Amino acid sequence: MAKERVAEIQLVRDGVQPVLKVTVPKGTTLSDTLKLQPQLSDILGKLKGCLPCNSGVPIWFQEREEIENLVKIDLGTMKRM
C-alpha cells in the first residue's frame, strides 16, 4: 500500500490568538511545503479579511512522524471506534 502524501492544515484556538498548524509527511521537501502558500493565504484571508498578510496569525509547520496502528476510542463509552 502506497503511503499517502497528505498535508493537514488545522486551526488551533488555544490561548490568546488562533494558530494555523500545518503538518506534512516526513521527508516532504521545502519546495513542496511552499506550494501550500495559496491554500494558507486563502484560509488566512477568510479568518482575518486580509489576503496579502497573515494578520498576526502564527503558522506552525511540523513534519509528521510515521505513525502506525492508530486507535480511536470514544471517551463516553471507552470503546474503539
Side-chain angles (χ1 to χ4, degrees):
M1 183 171 151
K3 293 182 184 179
E4 287 186 341
R5 292 188 26 86
V6 176
E8 295 175 2
I9 301 172
Q10 299 170 315
L11 180 63
V12 180
R13 294 184 188 272
D14 185 22
V16 179
Q17 64 184 12
V19 174
L20 277 186
K21 179 181 174 188
V22 180
T23 308
V24 296
K26 186 175 183 176
T28 300
T29 64
L30 179 59
S31 174
D32 281 345
T33 301
L34 292 175
K35 291 177 185 175
L36 294 170
Q37 185 272 327
Q39 296 292 331
L40 295 173
S41 291
D42 182 57
I43 292 167
L44 289 168
K46 290 176 181 173
L47 283 175
K48 294 290 188 172
C50 178
L51 294 177
C53 65
N54 68 351
S55 298
V57 177
I59 303 173
W60 296 341
F61 289 92
Q62 178 181 15
E63 187 176 62
R64 175 177 51 246
E65 294 297 324
E66 292 183 28
I67 299 173
E68 294 183 23
N69 300 322
L70 184 63
V71 176
K72 292 183 180 181
I73 299 180
D74 182 306
L75 292 173
T77 63
M78 297 308 286
K79 293 183 179 181
R80 289 183 183 207
M81 297 172 66

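This is a predicted model, so every value here is computed, not measured.
Both Val22 and Leu47 are assigned to one and the same hydrophobic cluster, defined by single-linkage of ILVMFWY side chains at heavy-atom distances under 4.5 Å. Hydrophobic cluster membership is shared by Leu44 and Leu11, with clusters built from Ile, Leu, Val, Met, Phe, Trp and Tyr side chains linked at under 4.5 angstrom. Hydrophobic clustering, with ILVMFWY side chains joined whenever heavy atoms are under 4.5 angstrom apart, keeps Val12 apart from Ile59.
Distance NZ/Lys79 to CG/Asp74: 9.5 Å, rounded to 0.5 Å. The distance from the CG atom of Leu20 to the CG atom of Leu36 is 11.0 Å, given to the nearest 0.5 Å. One distance of note links CZ of Phe61 with CG of Leu40; it measures 5.5 Å at 0.5 Å rounding.
Checked against salt bridge (Lys or Arg N to Asp or Glu O under 4.0 Å), Lys35 has the following partners two or more places apart in sequence or in another chain: Asp32. With sequence neighbours left out, Glu63 forms a salt bridge (Lys or Arg N to Asp or Glu O under 4.0 Å) with no residue at all. Residues satisfying the side-chain hydrogen bond (donor to acceptor under 3.5 Å, both in side chains) criterion with Gln37, sequence neighbours excluded, are Ser41. For Leu34, the side-chain contact (heavy atoms from CB on, under 4.5 Å) partners at least two apart in sequence or on another chain are Leu30.
Scanning both residues, Val24 and Ala7, for their nearest heavy atoms gives CG1-CB, 4.1 Å. Shortest non-hydrogen contact noted between Pro58 and Pro18 is CD-O, 3.5 Å.
The closest side-chain heavy-atom distance from Ile43 to Val57 is not below 4.5 Å.
Met78 forms part of a hydrophobic cluster together with Leu75, judged by ILVMFWY side-chain heavy-atom separations under 4.5 Å.
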